[in-house]
Asker: 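Could you have a look at this structure, given as structure tokens, before my questions?
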Amino acid sequence: MTATAAPAVLDRDGLNALVAALVAQGRTVIGPTVRDGAVGLAELASADELPYGWGVELDAGRYRLVRREDGAAFAHSAGPQSWKSYLHPSRERLWSADRTSEAEIAYTAHEPEAPSYAFLGVRPCDLRAIAIQDRVLTGGRYADDGYGKRRRTALLIAAECTEPGATCFCVSTGGGPSADPGYDLALTEIVDEEGHRFLVRVGSDEGAELLERTPHRTADPVTQQTARAAVDAARDRMGRALPPVDLRSLMGASLDAERWDDVAARCLTCGNCTMVCPTCFCTTTEEITDLTGDHTERWQRWDSCFDLDFSYLHGGPVRSSARSRYRQWLTHKLSTWHDQFGTTGCVGCGRCVTWCPAGIDITEEVAALDAERAALGTETD
Amino acid sequence: MTAVPVPHRVVARRPETADTVTLHLEPVGAALPDFAPGQFAMVHSFGRGEIPVSVSSVQATGGLAHTIRSVGAVSDGLCAMRVGDVVGLRGPYGNTWELERAYGCDVLVVAGGIGLAPLRPLILSALAEPAAYRRVSVLVGARTPGDVIGRQEIDGWPTAFTGVTVDQPGADWRRDVGVVTQLLGRAPFEPDGTWAFVCGPEPMIRATARELAERGVPRDRIRVSLERNMRCATGHCGHCQLGPLLLCQVGPVANWAQAEPLLSVREL
């Protein structure tokens with residue numbers, strides 16, 4: 001089994017060759033790159049477009065690019081986009097219908113668009129997020145064909161985390177800065193006096209074949225130890241943490257908490273948190289007709305549970321208050337997601353904290369809910 | 001394979017009330033799998049969109065039918081359909097009433113307004129097997145006499161008890177006036193040997209199920225059909241959540257033991 005191939009080491013030229021090999025295969029290589037003042041995801045023509053020498057400063061409601069002395073490519077935490085932009089795109093045509101005569105309608109399924117993706121630099125939190133969306137969109141009785149097709153053909157090259165940001169809390173969601181299985185290749189970036197290099201671990205046959213075709217050397221023990229140490233150190237440097245309690249039962253017991261009013265007074269219900277969340281999957285559908293009136297298309301697009309129309313039934317929305325919509329989002333993410341999909345919906349990437357225009361921090365909200373429950377428990381004792 | 005609507009032709013159209021129509025549908029070409037009472041289809045109105053609608057008649061009891069109340073763009077379009085027009089259907093989706101679990105028991109059906117439509121195929125199935133169920137009672141509530149759907153049909157059903165009550169009677173109304181729960185005292189049923197099936201507006205469901213539980217009907221034998229916004233019906237759009245329940249997958253029928261705590265939380 002080649003998946004157990006020995007770890008290897010690539011230098012920057014090696015990473016360039018790896019990307020060149022993927023492009024030569026006809027793959028659409030997506031990776032982090034500096035764009036619009038942030039590290040976004042975009043199609044890469046070469047590894048030179050990676051954000052070498054860029055880091056980020058994060059806080060609740062704050063994201064700033066900063067220069068890094070060491071020239072590292074993957075030391076920038078999670079950016080505003082996640083891989084769902086590619087696997088579960090924001091707009092997708094589902095089917096169309098044509099009125100072929102006065103009393104006939106023909107429906108046509110649309111073959112989902114599925115470029116052969118290679119994702120370069122998938123952070124461990126995002127690797128978990130992809131596994132969660134796999135369960136949500138393809139693990140039930142019905143499968144989302146478009147997602148499934150794009151996912152099956154995508155090659156995942158993880159970049160382990162050695163530089164957690166101030167809004168990161170993956171460790172407290174049961175994850176960590178090291179990559180879980182699911183990757184084809186996993187890189188760990190090292191910059192030290194020995195040079196700028198990437199330890200490469202192989203997670204699949206396809207990853208092994210790709211590595212075979214890329215100039216590399218077998219990993220020396222020092223590089224392996226240095227990489228491990230960097231990832232282990234990252235584990236202890238998380239900027240934030242969810243309280244170490246059973247979140248599922250905490251959320252279930254907090255439906256009437258007063259804290260929801262407090263957060264609702266700050267929440268703009270803009271939906272940013274749901275857009276940047278790598279696991280949020282909700283969509284709505286739109287009917288789009290052309291000018292003839294004889295052709296109509298059914299499109300799916302991202303939706304947010306913060307939108308008033310999300311819960312609309314004739315007469316009005318079920319969840320009209322900001323309180324109820326924030327509660328729906330957070331309770332779903334941390335509690336009812338387990339009931340529906342057998343897993344948490346939060347990987348601790350910190351995006352919702354960073355990109356909330358009001359700086360609402362879910363770790364702080366959950367801690368407040370926990371404190372409120374504890375206080376109630378004291379009163380009733 | 002992404003489910004694409006299957007064309008169905010309107011073969012009969014029956015106005016039920018001022019704003020409600022029943023469409024009888026037959027497949028233009030290939031048919032969908034058989035629907036069971038309680039299940040729903042996503043019904044497509046060309047150029048307008050799709051809505052979830054429970055079946056008010058199933059293949060086994062007289063052909064597929066949907067009873068639709070005009071409350072928005074899509075339902076307006078469907079209610080305006082004429083015989084010969086084509087709609088698209090996806091389905092069957094969702095769970096069923098599971099009437100068969102009531103074997104040997106009293107069957108109590110309580111409907112509010114258009115809530116009678118999803119219960120109709122269940123009533124017909126129960127009445128078609130008089131030996132299988134003890135006493136079948138049907139209690140119907142509506143706002144006005146004109147809002148009672150299928151009035152002639154209701155009185156033809158060979159039930160142990162049929163009651164119809166309205167909130168606002170006209171001058172010629174000779175039947176009950178008031179909420180549907182007040183009919184419960186007249187329906188013959190042994191509470192601990194009863195299965196109840198309830199559908200209607202959510203406040204009516206809550207009031208009815210609570211009263212049934214108070215009268216001794218086990219809460220897990222009270223089945224309620226719930227409504228939430230639905231876009232996909234395949235468990236992927238997230239719209240139909242009621243707490244832990246994705247209603248398109250584990251609903252629309254829920255048992256009261258599970259639904260009561262959820263429906264008791266405001267804006268859940």
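Every chain is numbered from 1 and lettered A, B, ... according to where its sequence line falls, protein lines coming before strand lines.
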Asker: Are B:His44 and A:Tyr107 close enough that their ring centres sit under 6.0 Å apart?
Answerer: yes
Asker: Between B:Arg266 and chain A, with a heavy-atom cut-off of 4.5 Å, which part of the residue counts as in contact: side chain, backbone, both or neither?
Answerer: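 The answer is the backbone of B:Arg266.
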Asker: So which of A:Pro317, A:Ser96, A:Ser335, A:Cys282 has the biggest tally of heavy-atom pairs under 4.5 Å with chain B?
Answerer: A:Cys282
Asker: Does B:Glu26 CD have over 12 foreign heavy atoms under 6.0 Å away?
Answerer: no
Asker: Considering all heavy atoms of both residues, which atom of B:Gly47 and which atom of A:Thr296 are nearest to each other, and what is their separation?
Answerer: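 The pair with the smallest heavy-atom distance is CA-OG1, 3.7 Å.
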Asker: Given a strict heavy-atom distance threshold of 4.5 Å, which part of B:Leu245 is in contact with chain A: side chain, backbone, both, or neither?
Answerer: backbone
Asker: To the nearest 0.5 Å, what is the distance between CG (A:Asp144) and SG (B:Cys237)?
Answerer: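 The distance works out to 11.5 Å.
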Asker: Under 6.0 Å between the ring centres of A:Phe310 and B:His239?
Answerer: yes
Asker: Please state whether the side chain, the backbone, both or neither of A:His338 comes within less than 4.5 Å of a heavy atom of chain B.
Answerer: neither
Asker: Do B:Arg231 side-chain atoms and A:Thr283 backbone N/O form a donor-acceptor pair below 3.5 Å?
Answerer: no
Asker: Using a heavy-atom cutoff of under 4.5 Å, enumerate the residues of residues 87-99 of chain B that contact chain A, numbered in order, or state 'none'.
Answerer: B:Val87, B:Gly88, B:Pro92, B:Tyr93
Asker: Using non-hydrogen atoms and a 4.5 Å limit, figure out which bit of B:Ser264 sits close to chain A: side chain, backbone, both or neither.
Answerer: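 Contact with chain A is absent: no heavy atom of B:Ser264 under 4.5 Å.
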Asker: Minimum heavy-atom separation for A:Gln340 and B:Leu246, please, with both atom names.
Answerer: CD-CG, 3.8 Å
Asker: Any chance you could measure B:Phe46, atom CZ, to A:Thr289, atom OG1, to the nearest 0.5 Å?
Answerer: 8.0 Å
Asker: What part of A:Asp290 gets closer than 4.5 Å to chain B, counting heavy atoms only: side chain, backbone, both or neither?
Answerer: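 Neither part, no heavy atoms under 4.5 Å.
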Asker: Suppose a student defines contact as a heavy atom less than 4.5 Å from any heavy atom of chain A. Which residues in residues 68-86 of chain B would they list?
Answerer: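 Counting heavy atoms that sit under 4.5 Å from chain A, the residues of residues 68-86 of chain B involved are B:Arg69, B:Val71, B:Gly84, B:Val86.
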Asker: If I compare all heavy atoms of B:Val4 with all of A:Ala109, which pair ends up nearest, and what's the gap?
Answerer: CG2-CB, 3.4 Å
Asker: So with a 6.0 Å cut-off around CD of A:Glu258, is the heavy-atom count from everything else above 12?
Answerer: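 No, not enclosed.
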Asker: Quick one: does B:Asn229's side chain have a donor or acceptor within less than 3.5 Å of a partner on A:Leu313's backbone?
Answerer: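 No; zero donor-acceptor contacts below 3.5 Å.
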Asker: Are any side-chain N or O atoms of A:His332 and backbone N or O atoms of B:Gly243, one a donor and one an acceptor, separated by less than 3.5 Å?
Answerer: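 Checked: no pair found.
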Asker: Quick one: which of A:Gln328, A:Arg141, A:Arg298, A:Lys149 has the most heavy-atom pairs under 4.5 Å with chain B, could you say?
Answerer: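 Looking at each of A:Gln328, A:Arg141, A:Arg298, A:Lys149 in turn, A:Arg298 comes out on top.
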Asker: Could you pull out the closest heavy-atom pair between B:Glu267 and A:Arg327, with the gap in Å?
Answerer: O-NH2, 3.4 Å
Asker: Between B:Glu50 and A:Thr285, is there a side-chain donor-acceptor contact under 3.5 Å, judged purely by atom types and distance?
Answerer: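 The criterion, which ignores hydrogens and geometry beyond distance, is not satisfied for B:Glu50 and A:Thr285.
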Asker: Chain B: which of A:Val318, A:Asp303, A:Asp294, A:Asp309 shares the most heavy-atom pairs with it under 4.5 Å?
Answerer: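 Most heavy-atom pairs within the cutoff with chain B belong to A:Val318.
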Asker: State, with a plain yes or no, whether a side-chain heavy atom of B:Leu268 is found less than 4.5 Å away from one of A:Leu255.
Answerer: yes
Asker: Working to the nearest 0.5 Å, report the span between CH2 of A:Trp337 and CD of B:Gln241.
Answerer: 8.5 Å
Asker: Side chain from CB out, backbone as N, CA, C, O: work out which of these in B:Gln249 comes under 4.5 Å of a heavy atom of chain A, or both, or neither.
Answerer: both
Asker: Hey, which of A:Gly252, A:Gly140, A:Ala97 has the most heavy atom pairs under 4.5 Å with chain B?
Answerer: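 Winner by heavy-atom pair count: A:Ala97.
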Asker: Check the surroundings of atom CD in A:Glu104: do more than 12 heavy atoms from other residues, nucleotides or ligands lie under 6.0 Å from it?
Answerer: yes
Asker: I need the A:Ile105 CD1 to B:His8 NE2 distance, nearest 0.5 Å.
Answerer: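 Between atom CD1 of A:Ile105 and atom NE2 of B:His8 there are 12.5 Å.
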